[in-house]
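Predicted, not measured: the structure shown is a model, and the values here were computed from it. Counting starts at 1 for both ligands and their atoms, following the listed order. Basis for what follows: all heavy atoms, side chains included, without hydrogens, waters or symmetry-related copies.
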Amino acid sequence: MADEKVPIRYSTLTGAQIQVGAAFTSLFGRDPDFYARVPGRVNLIGEHIDYCGYGVCPMALNQHIFIAAFVTDSDRTLELRNFDAKYEKYRCDLNDIEITVEGKAPHWYQYFLCGVKGVLEALPMENVKGLRVMVSGNVPQGAGLSSSSALVSAAALTAAYAFGMPLHKEKLAQLCANSERYIGTQGGGMDQAIAFLATDGCAKLIEFDPLKATDVRLPKGAVFVIAHSMTNLNKAATGDFNCRVVECRLAAQIMAKRRGLDWAQLKRLGELQKALQLDLQEMIALVETVLDKESYTKVDVLSELDTAAEQLEVTSLTPNTKHIDCFKLKQRALHVFNEALRVRKFYETCQKGSGDDDSLATLGTLMSESHDSLRDLYECSHPQLDRIVTLSKGLTLGTRLTGAGWGGCTVSLVAPDNVHRYVEFLKENFYAPLGVKSDFEDIVFPTFPEWGAQILLC
Ligand code: ADP
Ligand code: NG1
């Protein structure tokens, strides 16, 4: 797999893609040289553990980012447009990319710049040419379905293809995981990995260090249904996401210090487990003995690590978490180790491949337990997500929030015969009271695993 490349396919454009091509031609006065298509994803299980080094189980969606582009030798300018006119135009010199996120949320084009910057850092500058680009997309945004990584990854793929970089899937996935951090959030790489490594018809077990994707064949009697909670969160606009990353890091560092390890070099709970050579159950026991406080102030953390505040900013914190004075270390670490166990059980149950009622019930239970843990231990749910979970009992085998949380979508495991009933039930009991009356196909829908990133030529 290490050498697998992003497929370059000859294809006839369909539906909305034709409109993007036509808008591009009318704006830039010529046809695009090529198109790039990168999907969003739904994570079935394994939430908030990729950045701790643990495996996760996502699959690619049909919803995607679609880019039309041409390359020119005449300059090194990036001209960027969005098919949706509500997004501002952007232009810059590719010799000089700046990504400074000021104010609340990043500008849309800054996600695109993250992907381009990652590619430029990996190429000699003489390869770089001018780019004219139109972006379109239908991945729900700020909803845990990874619209941002689809955009970053599509931008990197566009630049890589345009500037003659080899399109190795794994290298691009890693490059994008690193370069999306320019936006300010410290994600773990799940989204960019599935964006490039997804294959049609199966979910993937994505593992890290080294990056590895293994097929997960979903049982026949299972359909995954996504439901939008009608609340959104832009991860980069608040410190919530990075706060969880930092809490996991501090938990790892305090346990490392207590066990006599060089805590300042250690950033992730998974690294700690490897260093201690313990299994996940033993890590859970270690959390219970070492992290005995319900919450830690910054002073508690400094005293545990025997370090100074300025030093902690270097070893452990991010710019948007420096001000935080309450860290829940035990709860976050317990979620991480138990969720890693759930992922393993989910994968093993799928691999048995029986698809009988018992194995479906096991998968559903694991999903429900994952949600409970995200709500209670990780505190990243939202009342509207919890409401969908409550309403789903009885109609689904299991329902959980998917993605970062604090809003966004749920994913449910549903028996095929129940899908229609479940969707109709949510329309009536969840969406109608919120005043949602139309466009249901975009907010509550069954989903099936799709292909990862592709370059399309016409
Ligand atoms: P998600 O869970 O969807 O990845 P994020 O908050 O990380 O949520 O990122 C969402 C942001 O990505 C949007 O606010 C927007 O700036 C950008 N984005 C995603 N899709 C598009 C698109 N089709 N056009 C423009 N910007 C987009
Ligand atoms: P979302 O917000 O769903 O795209 C984020 C992170 C993932 C992972 C999940 C939680 C980024 C780009 N994505 O995904 O790496 O940590 O939250 O499991 O930061």
Side-chain angles (χ1 to χ4, degrees), residues 16 20 37-58 61 63-67 80-90 101 104-115 133-155 173 176-195 206 208 226 228 231-238 240-242 244-245 248 268 318 335-336 339-340 343 370 373-374 378 380-381 400-409 411:
V20 176
R37 181 189 187 283
V38 177
R41 63 99 187 96
V42 56
N43 189 21
L44 303 180
I45 196 153
E47 220 61 85
H48 285 281
I49 62 171
D50 59 344
Y51 52 77
C52 299
Y54 289 104
V56 294
C57 189
L61 299 176
Q63 288 84 343
H64 56 270
I65 295 287
F66 185 72
I67 285 180
L80 186 57
R81 297 285 185 280
N82 200 301
F83 181 68
D84 184 337
K86 79 172 182 224
Y87 294 101
E88 72 253 62
K89 300 173 186 170
Y90 182 73
V101 178
K104 261 191 117 17
H107 294 282
W108 78 275
Y109 56 79
Q110 292 180 305
Y111 292 91
F112 191 94
L113 292 181
C114 286
V133 177
M134 180 169 285
V135 171
S136 72
N138 60 356
V139 186
Q141 297 179 19
L145 301 180
S146 199
S147 71
S148 64
S149 301
L151 179 52
V152 170
S153 303
C176 291
N178 291 333
S179 65
E180 187 162 348
R181 298 198 186 105
Y182 285 122
I183 218 75
T185 46
Q186 301 213 342
M190 154 169 65
D191 307 344
Q192 303 84 355
I194 192 69
I206 304 280
F208 305 95
I226 292 175
H228 202 302
T231 54
N232 295 80
L233 175 94
N234 180 296
K235 276 193 312 295
T238 76
D240 294 333
F241 184 84
N242 279 356
R244 295 296 178 272
V245 177
C248 290
R268 306 196 289 173
T318 64
H335 165 75
V336 169
E339 185 79 353
V343 171
S370 170
S373 176
L374 290 160
Y378 225 69
C380 66
S381 190
R400 57 182 291 277
L401 74 83
T402 186
W406 292 285
C409 293
V411 58

Exercise. Report yes if some heavy atom in the side chain of E47 is under 4.5 Å from a heavy atom in the side chain of M190; otherwise report no.
Key: yes
Quiz item: With a 4.5 Å limit on heavy-atom distance, are the side chains of T231 and L233 in contact?
Solution: no
Quiz item: Of the choices F241, Y378, Y111, which has the non-hydrogen atom that lies closest to atom 17 (O) of ligand 2?
Solution: F241
Practice problem: Would you indicate whether the side-chain heavy atoms of S148 and I183 approach each other to under 4.5 Å? | Solution: no
Quiz item: Can an N or O of T185 be found at a distance shorter than 3.5 Å from an N or O of ligand 2?
Solution: no
Self-check item: atom 7 (O) of ligand 1 - nearest protein heavy atom and its distance
Solution: K235 NZ, 2.6 Å
Exercise. Find out whether H64 and V38 are in side-chain contact, i.e. whether some heavy atom of one side chain is under 4.5 Å from a heavy atom of the other.
Key: no
Exercise. Could you check atom 19 (C) of ligand 1 against the protein and tell me its nearest heavy-atom contact, residue, atom and distance included?
Key: S147 OG, 3.2 Å
Quiz prompt | Atoms of ligand 2, numbered as shown, that sit under 4.0 Å from any heavy atom of Y51 | solution = 16 (O)
Practice problem: Can you figure out which of A105, G137, S146 has its heavy atom closest to atom 23 (N) of ligand 1? | Solution: G137
Quiz item: Do any N/O atoms on M190 end up under 3.5 angstrom from N/O atoms on ligand 2?
Solution: no
Self-check item: N/O separation below 3.5 Å, D191 to ligand 2
Solution: yes
Quiz item: Taking side chain as C-beta onward, heavy atoms only, is F208 less than 4.5 Å from V56?
Solution: yes
Practice problem: Report yes if the side chains of L374 and R400 come closer than 4.5 Å at any heavy-atom pair, otherwise no. | Solution: yes
Quiz prompt | Polar proximity ligand 2 side, S148 side, N/O cut 3.5 Å exclusive | solution = no
Quiz item: Any N/O of E180 closer than 3.5 Å to an N/O of ligand 2?
Solution: no
Practice problem: Please assess E180 against S149 for the test side-chain hydrogen bond (donor to acceptor under 3.5 Å, both in side chains), listing each intermediate value before the final yes or no. | Solution: CA-CA 7 Å; E180 187 162 348; S149 301; 2.7 Å; yes
Practice problem: Give the atoms of ligand 1, by number and element, whose distance to some non-hydrogen atom of I65 is under 4.0 Å. | Solution: 20 (N), 23 (N)
Self-check item: Closest approach of any protein heavy atom to atom 3 (O) of ligand 2, naming residue and atom
Solution: R41 NH2, 2.8 Å
Quiz prompt | atom 19 (O) of ligand 2: the protein heavy-atom neighbour that sits closest, reported with distance to 0.1 Å | solution = G187 CA, 3.2 Å
Quiz item: Is L151 in contact with ligand 1, taking contact as a heavy-atom separation below 4.0 Å?
Solution: yes
Quiz item: Is the Y51 to F241 ring centre distance short of 6.0 Å?
Solution: yes
Exercise. State the atoms of ligand 2, each with its element, that fall below the 4.0 Å cut-off from a heavy-atom position in E47.
Key: 10 (C), 18 (O)
Quiz prompt | Contact check, D191 vs ligand 1, heavy-atom distance below 4.0 Å | solution = no
Quiz item: Looking only at non-hydrogen atoms, which of G408, G403, S148 approaches atom 4 (O) of ligand 1 most closely?
Solution: S148
Exercise. Could you tell me which atoms of ligand 2, counted from 1 in the order shown, lie closer than 4.0 angstrom to a heavy atom of S149?
Key: 12 (C)
Self-check item: Interfacing atoms of ligand 2 (cut-off 4.0 Å, heavy-atom, G144)
Solution: 3 (O)
Quiz item: Could an N or O of ligand 1 be found under 3.5 Å from any N or O of G144, whether backbone or side chain?
Solution: yes
Self-check item: Sub-4.0 Å heavy-atom contact, A150 with ligand 1
Solution: no
Quiz item: Below 3.5 angstrom, do we get any N/O pair linking K235 and ligand 2?
Solution: yes
Quiz prompt | Heavy-atom nearest neighbour of atom 20 (N) of ligand 1 within options H64, Q141, Q110 | solution = Q141
Quiz item: Can you tell me which residue and heavy atom of the protein come closest to atom 24 (N) of ligand 1, and the distance to 0.1 Å?
Solution: N82 ND2, 3.0 Å
Quiz item: Starting from atom 15 (O) of ligand 2, which protein heavy atom do you reach first, and at what distance in Å?
Solution: D50 OD2, 2.6 Å
Quiz prompt | Protein heavy atom at shortest distance from atom 26 (N) of ligand 1 | solution = W108 CB, 3.4 Å
Quiz item: Any N or O on G403 sitting closer than 3.5 Å to an N or O of ligand 2?
Solution: no
Quiz item: What is the nearest protein non-hydrogen atom to atom 16 (O) of ligand 1, stated with its residue, atom name and distance?
Solution: Y111 CE1, 3.3 Å
